[in-house]
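All chains are named by letter (A, B, ...) in the order of the sequence lines, taking the proteins before the strands, and each is independently numbered beginning at 1.
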2 protein chains.
Amino acid sequence: MRHSAPLSLSPLRKAGLKSTPGRRAVLSVLAKLASPASADQIYTKVGTQTCDRATVYRILDSLDEAGLLQRVIVRGKKLYLPEEPSHHHHHVVCRKCNSTVCLDQCLISPLEKKARQLGFHSIRHTLQLTGLCSKCTTST
Amino acid sequence: MRHSAPLSLSPLRKAGLKSTPGRRAVLSVLAKLASPASADQIYTKVGTQTCDRATVYRILDSLDEAGLLQRVIVRGKKLYLPEEPSHHHHHVVCRKCNSTVCLDQCLISPLEKKARQLGFHSIRHTLQLTGLCSKCTTST
DNA sequence: ATTATTGCAAACCCTTTGCAACTTA
DNA sequence: TAAGTTGCAAAGGGTTTGCAATAAT
């Protein structure tokens, strides 16, 4: 008799990715973020001795591919934040201080539906709202 | 008596930007795009003798700032497409061949409203839908 | 045992910058 | 004339790559 699958697979295994120390560390760092962080900031938070910078980039790619994080662009730079597969939603990010607030919803499905009708499949989306938060009241 | 304003200002002048050959050329290239293009592709289409590559980057920045183009990220790369200020909407871009289709609507305003209620202002958004078009039927 | 993942270090590419010259309004 | 814009060329930063070694299933 074969082993039965564990009752709850880690998010990584569910996504078909191997569970490595680097990936677990990156996921853990993402989960604790107060606001979106750059690849390099994540590399630092993970601990530069935990894994190589290049590996962090590869990990972020694999997690993105697996839908385990959200990538947003603020001021032209890529930032990463965690994604809970069970509750997809979006955020506003302050263009000045990167502070972030959940908007708790995703209103994209009608657009996805239309895209599907137009022959597209494997549809993904990224929505980025940016603004200036109340603490950063300034122009532009 | 002073000169009265022209009946119709160019989009550039309306945006408070000076009308230069480079900007006009970039706008014209954008308007003719069949699918989103990278800064470098735009530089090539504009004609490398028309203006410098660095200038194209500066122009794209100013047009983005002015809301005269849309910037999207496909496969992690920045691509540009035209934006008609009178009719803001979104697109699906094929992750394989970059082909693009209009979705004709923007459903973001409820999210923007909520962000405003949370103290954000000067809100902007970028929405990117990507998928695989019918011609590129493949996995992933 | 097989396949995926990582480290290392170099290469790459995209993008930005400073400054003087030149346009545009 | 004043302010904004451009060219040039060089620097900068973020990101990717190849390959051998290593770890996960």
Side-chain angles (χ1 to χ4, degrees), chain A residues 2-6 9-27 29 36-66 68-69 71-80 98 140, chain B residues 2-6 8-27 29 36-66 68-69 71-80 140:
Chain A
R2 293 169 178 287
H3 290 293
S4 54
L9 242 33
S10 79
L12 286 170
R13 304 303 318 291
K14 275 185 196 161
L17 297 174
K18 289 184 176 175
S19 174
T20 66
R23 284 178 177 155
R24 289 192 297 270
V26 169
L27 279 180
V29 164
S38 67
D40 208 67
Q41 291 174 316
I42 291 168
Y43 168 58
T44 303
K45 297 203 183 203
V46 158
T48 59
Q49 81 298 344
T50 302
C51 63
D52 190 73
R53 182 183 271 104
T55 300
V56 169
Y57 279 95
R58 285 186 280 225
I59 288 175
L60 291 171
D61 281 345
S62 64
L63 297 182
D64 180 46
E65 184 71 18
L68 295 175
L69 59 75
R71 217 178 209 151
V72 298
I73 310 285
V74 180
R75 277 175 253 99
K77 306 297 176 194
K78 294 180 199 165
L79 301 179
Y80 301 84
N98 274 17
T140 300
Chain B
R2 294 169 178 287
H3 291 293
S4 54
S8 73
L9 242 33
S10 78
L12 286 169
R13 304 302 321 291
K14 276 185 196 164
L17 297 174
K18 289 184 176 175
S19 175
T20 65
R23 284 179 177 154
R24 290 191 297 272
V26 169
L27 279 180
V29 164
S38 67
D40 209 66
Q41 291 173 317
I42 291 168
Y43 168 58
T44 303
K45 296 203 182 204
V46 158
T48 60
Q49 81 300 342
T50 302
C51 63
D52 189 73
R53 181 183 273 105
T55 300
V56 169
Y57 279 95
R58 284 188 280 225
I59 288 175
L60 291 171
D61 280 345
S62 63
L63 297 182
D64 180 46
E65 184 71 17
L68 296 175
L69 59 74
R71 219 177 209 153
V72 297
I73 311 285
V74 181
R75 277 175 253 98
K77 305 296 175 195
K78 293 180 199 166
L79 301 179
Y80 300 84
T140 300

Asks: Is the distance from OP1 or OP2 of C/dT15 to the nearest side-chain N or O of B/Y57 less than 4.0 Å?
Replies: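 Indeed, a polar side-chain atom of B/Y57 lies that close.
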
Asks: Quickly work out the A/D52 CG to D/dG14 C1' distance and round it to whole Å.
Replies: 14 Å

Asks: Just call it for B/R53: base, sugar-phosphate, or nothing, with non-hydrogen atoms closer than 4.0 Å on any strand.
Replies: base

Asks: Kindly give the heavy-atom pair with the smallest separation between A/V72 and A/P36, and that separation in Å.
Replies: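 That closest heavy-atom pairing would be CG2-CB, 4.4 Å.
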
Asks: Walk me through it: do A/N98 and A/R75 pass the test side chain to side chain contact (heavy atoms under 4.5 Å, CB included)?
Replies: CA-CA 10 Å; A/N98 274 17; A/R75 277 175 253 99; 2.7 Å; yes

Asks: If you look at every heavy atom in B/Y80 and B/L69, which pair is closest and at what distance?
Replies: CD2-CD1, 3.7 Å

Asks: Toward the 5' end of DNA chain C, which comes first, B/K78 or B/R24, by nearest nucleotide?
Replies: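 Taking each residue's closest nucleotide, the earlier one in sequence belongs to B/K78.
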
Asks: With the side chain counted from C-beta on, respond yes when A/K45 and A/T50 share a heavy-atom pair under 4.5 Å apart, and no when they do not.
Replies: no

Asks: Which part of the nucleic acid does A/S19 contact within heavy-atom distance under 4.0 Å: base, sugar-phosphate only, or nothing?
Replies: sugar-phosphate

Asks: Taking only the side-chain heavy atoms of B/C51 (C-beta and beyond), determine which of D/dG7, D/dT25, C/dA9 contains the nearest atom.
Replies: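 The answer is D/dG7.
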
Asks: Quick check: on DNA chain D, is the nucleotide nearest A/A39 upstream (toward 5') of the one nearest B/R23, or the reverse? Name the residue that is more 5'.
Replies: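 The residue mapped nearer the 5' terminus is B/R23.
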
Asks: Rounded to the Å, how far apart are A/Q41 CD and D/dT15 P?
Replies: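 Answer to the nearest Å: 11 Å.
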
Asks: Let me spell it out: for each of A/S62 and B/D40, pick the nucleotide of DNA chain C with the closest heavy atom. Which residue's pick is nearer the 5' end?
Replies: A/S62

Asks: Once you round it to whole Å, what is the distance between C1' of D/dT6 and CD of B/Q49?
Replies: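 Computing the B/Q49:CD to D/dT6:C1' distance gives 15 Å.
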
Asks: Measuring to OP1 and OP2 of D/dT6, would you say a side-chain N or O of B/T20 lies under 4.0 angstrom away?
Replies: yes

Asks: For the backbone of B/S19 and the side chain of B/R24, can you confirm whether one donor and one acceptor N or O come within less than 3.5 Å of each other?
Replies: yes

Asks: What's the shortest heavy-atom distance between A/R23 and A/L12, and which atoms?
Replies: CB-CD1, 3.8 Å

Asks: Check the distance between C/dT6's C1' and A/Y43's OH and give it to me in whole angstrom.
Replies: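 That distance rounds to 13 Å.
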
Asks: Take atom CD1 of B/I42 and atom P of C/dT15, then tell me their distance rounded to the nearest Å.
Replies: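 After rounding, the reported distance stands at 10 Å.
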
Asks: With a 4.0 Å cut-off on heavy atoms, is A/K77 in touch with a base, just the backbone sugar-phosphate, or nothing at all?
Replies: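 Nothing, no nucleic acid heavy atom in range.
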
Asks: Could a donor-acceptor pair under 3.5 angstrom be found where the side chain of A/K18 meets the base of C/dT3?
Replies: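 Checked by distance alone, the answer is yes.
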
Asks: Could you give the angle between the helix axes at the two ends of the helix from C/dA1-D/dT25 to C/dC14-D/dG12, with five pairs per end, rounded to 10 degrees?
Replies: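 Nearest ten degrees gives 40° for this helix.
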
Asks: How long is the line joining CD1 of A/I73 and P of D/dG14, in whole Å?
Replies: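 One finds 14 Å between P of D/dG14 and CD1 of A/I73, rounded.
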
Asks: Can you name the closest pair of heavy atoms from A/L17 and A/A66 and give their distance?
Replies: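 The pair with the smallest heavy-atom distance is CD1-CB, 4.0 Å.
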
Asks: Taking B/G76's backbone N and O only, do any of them form a donor-acceptor pair with A/K78's side chain (distance below 3.5 Å, no angle check)?
Replies: yes

Asks: Phosphate oxygens OP1/OP2 of C/dT6: is one of them under 4.0 Å from a side-chain N or O of A/R58?
Replies: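 No, A/R58 has no side-chain N/O under 4.0 Å of OP1/OP2 on C/dT6.
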
Asks: Over how many whole Å does the gap from A/R75 atom CZ to D/dG13 atom C1' extend?
Replies: 16 Å

Asks: What is the separation between atom CD1 on A/I59 and atom P on C/dT5, rounded to the nearest whole Å?
Replies: 10 Å

